Amino acid sequence: MSTLKAVRGTRDLLPPETALWNRIEATARDVFARYNFGEIRTPVFEDTGLFARGVGEETDIVSKEMYTWEDRARAQSEKTQSLTLRPENTAGVVRAYIEHGLGESGLLQKLYYIGPQFRRERPQKGRYRQFSQIGAEVIGPPSAGSESPLRDAEVLEMLATLLDELGITGWTLELNSVGSSADRERYNQALRAALVPVVSQMCPDCQRRAETNPLRVLDCKVAADQPIIERLPVIADSLDEESKKHFAAVTAALDAAGVPYTLNHRLVRGLDYYTRTTFEFTHGGLGAQNALLGGGRYDGLSEMLGGPRAPGIGFAIGEDRLVLTLLAQLDQKAAPPQVADAFIAPLGEGMNAAALVLARELRHQGLWIELGEGSFRLKKSFEAADKTARQIVILGEDELQSGILTVKNFSTGIQSKVPRGELAVFLAEPAN
RNA sequence: GCGGUUAUAGUUCAGCGGCAGAACGCCUGACUGUGGCUCAGGAUGUCGAGGGUUCGAUCCCCUCUAACCGCCCCA
């Protein structure tokens with residue numbers, strides 16, 4: 001019988017790596033707070049219809065990657081409900097926006113989330129079936145300014161700030177506009193028309209894409225196809241005046257703020273709800289999964305879900321990919337194991353209870369304490385202490401009677417006698 | 001979902017159709033209340049799982065599972 005393991009595409013996160021996850025999340029919360037975002041937590045599963053309508057029936061995510069099941073009916077007469085583990089979080093946030101009438105405040109809603117998402121894809125490095133996204137949405141009624149290109153620019157500037165504060169170096173912001181849904185439709189037709197005479201010279205994948213999703217042809221990496229792709233129409237030419245004006249305002253604001261970006265007119269994103277601005281922050285160290293985060297504007301999503309008009313813009317960061325990138329940059333050396341301030345070594349099992357009392361005192365004073373075990377020989381206590389703490393406190397009969405404790409610092413090698421009343425202050429001083 | 005590579009000790013990895021190996025880590029002692037350095041000794045394990053070929057399989061064959069790489073797609 002084989003032992004049980006974490007299922008395919010899922011994994012355990014262990015210390016010390018979890019410390020990095022916590023640092024990333026703390027930094028994100030800090031940055032979001034400065035931009036006046038509040039946290040939203042939506043359910044991990046939702047009615048399947050939310051994703052079918054919100055993300056799009058024809059997308060890969062909905063058509064083949066969702067974890068969906070029929071919920072048990074409570075009564076014979078009741079119909080079962082189709083539920084799905086969320087494959088992304090924007091649809092859930094917009095559902096909550098509609099459900100709670102958040103638009104009625106007349107204010108812009110600025111919401112962020114951190115949490116697991118689920119897609120049944122073939123796992124690879126940087127791609128898991130349960131993965132974590134850090135995302136945010138700016139959404140509200142047009143009267144709150146939700147359509148303004150300033151919102152796009154602010155979100156992008158915030159992301160640049162976040163990546164910089166996380167210490168991610170070498171990222172690239174790729175930017176495009178896919179226009180309104182009408183613009184997109186017009187472009188699709190132009191693209192199909194332009195492909196007809198040339199598609200037979202292209203790779204088999206492109207021949208298939210030309211049928212199923214012409215926009216995807218732009219993503220082709222086959223070298224021989226590139227000259228053909230170069231001559232295909234560009235989406236910018238299909239944008240209406242409003243969309244052009246919007247995009248020009250976004251780039252102008254980014255220029256003013258000094259946020260570097262690259263225009264990529266081939267950047268088309270896979271979710272149906274995107275309109276106008278779309279973007280991706282990429283990083284070279286991630287291999288085939290080079291997108292650190294992706295996002296864009298979704299002016300029609302609320303209405304697609306039966307809500308009021310509520311334009312918005314948002315993004316999702318692949319937290320797993322952030323961790324991979326930082327781990328690669330840190331080069332393992334800058335991952336110091338977490339060590340306690342002090343290790344308390346009781347001498348003999350008779351000292352165990354007294355050691356707990358001492359540990360309690362010190363912990364209540366804010367110190368990180370590792371509590372040893374009296375049956376250990378002192379040598380063994382030292383060995384354990386050296387791996388888990390900066391210093392060791394010896395608690396034997398002598399120390400208990402006299403109230404003068406023996407402390408040894410591992411980095412300096414200095415051993416000291418410290419009165420119990422001064423112990424907490426002494427231990428807190430890194431140089432002792 | 002498709003193609004390729006891989007799977008041996010806690011970890012990183014050698015290995016061979018005939019007793020399962022190294023390094024690091026771990027445990028014990030030298031050192032009875034003093035770690036790191038050193039020395040001596042010890043345990044590492046269903047050789048990913050299941051089946052087949054063979055006198056004999058960790059090794060060859062098949063199936064499965066998983067990781068990694070590429071495709072698809074995406075965070």
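None of these values were measured; they are calculated from a predicted model. Just so it is clear: chains get the letters A, B, ... in the order the sequence lines come, proteins before strands, and each one is counted from 1. As a basis for the values below, the full set of heavy atoms in this structure was taken, side chains included, without hydrogen atoms, waters or symmetry mates.
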In which ranges does RNA chain B form stems of 3 or more consecutive Watson-Crick or G-U pairs, distances under 3.5 Å?
B:1-7 with B:65-71, B:10-13 with B:21-24, B:26-30 with B:38-42, B:48-52 with B:60-64
Atom pairs, N/O to N/O, protein against nucleotides 25-27 of chain B, distance under 3.5 Å?
| from | atom 1 | to | atom 2 | distance (Å) |
| --- | --- | --- | --- | --- |
| C26(B) | OP1 | K387(A) | NZ | 2.5 |

Using a distance-only test with no angle check, is there a side-chain donor-acceptor pair under 3.5 angstrom linking E25(A) and W21(A)?
no
Whole-Å P distance, A9(B) and C59(B):
15 Å
Using a cut-off of 6.0 Å, state whether more than 12 heavy atoms not belonging to R192(A) lie near its atom CZ.
yes
What's the gap between C19(B) and A57(B) when it is taken at their C1' atoms, as a whole Å value?
15 Å
Given G70(B), G35(B), C74(B), which nucleotide is nearest the side-chain atoms of R119(A)?
C74(B)
Nucleotide nearest L347(A) (side chain, heavy atoms from C-beta), chosen from A30(B), G33(B), A66(B):
G33(B)
When you compare the protein's N or O atoms with those of nucleotides 3-13 of chain B, which come within less than 3.5 Å of each other, and at what distance?
| from | atom 1 | to | atom 2 | distance (Å) |
| --- | --- | --- | --- | --- |
| G3(B) | O6 | R122(A) | NH2 | 3.1 |

Lys/Arg N to Asp/Glu carboxylate O, R151(A) vs E154(A), below 4.0 Å
yes
Have a look at A385(A) and say if it touches a base, only the backbone sugar-phosphate, or nothing, with a 4.0 Å heavy-atom cut-off.
nothing
Closest to the side chain of R127(A), out of G1(B), G33(B), U34(B), is G1(B)
Between C73(B), G35(B), G33(B), which nucleotide has the shortest distance from any of its atoms to the side chain of E121(A)?
C73(B)
Is there a side-chain polar atom (N or O) of R8(A) under 4.0 Å from OP1 or OP2 of A67(B)?
yes
Listed nucleotide nearest any side-chain atom of R377(A), set U32(B), U34(B), C72(B)
U32(B)
Quick check: are there more than 12 heavy atoms from other residues, nucleotides or ligands sitting under 6.0 Å from CZ of R8(A)?
yes
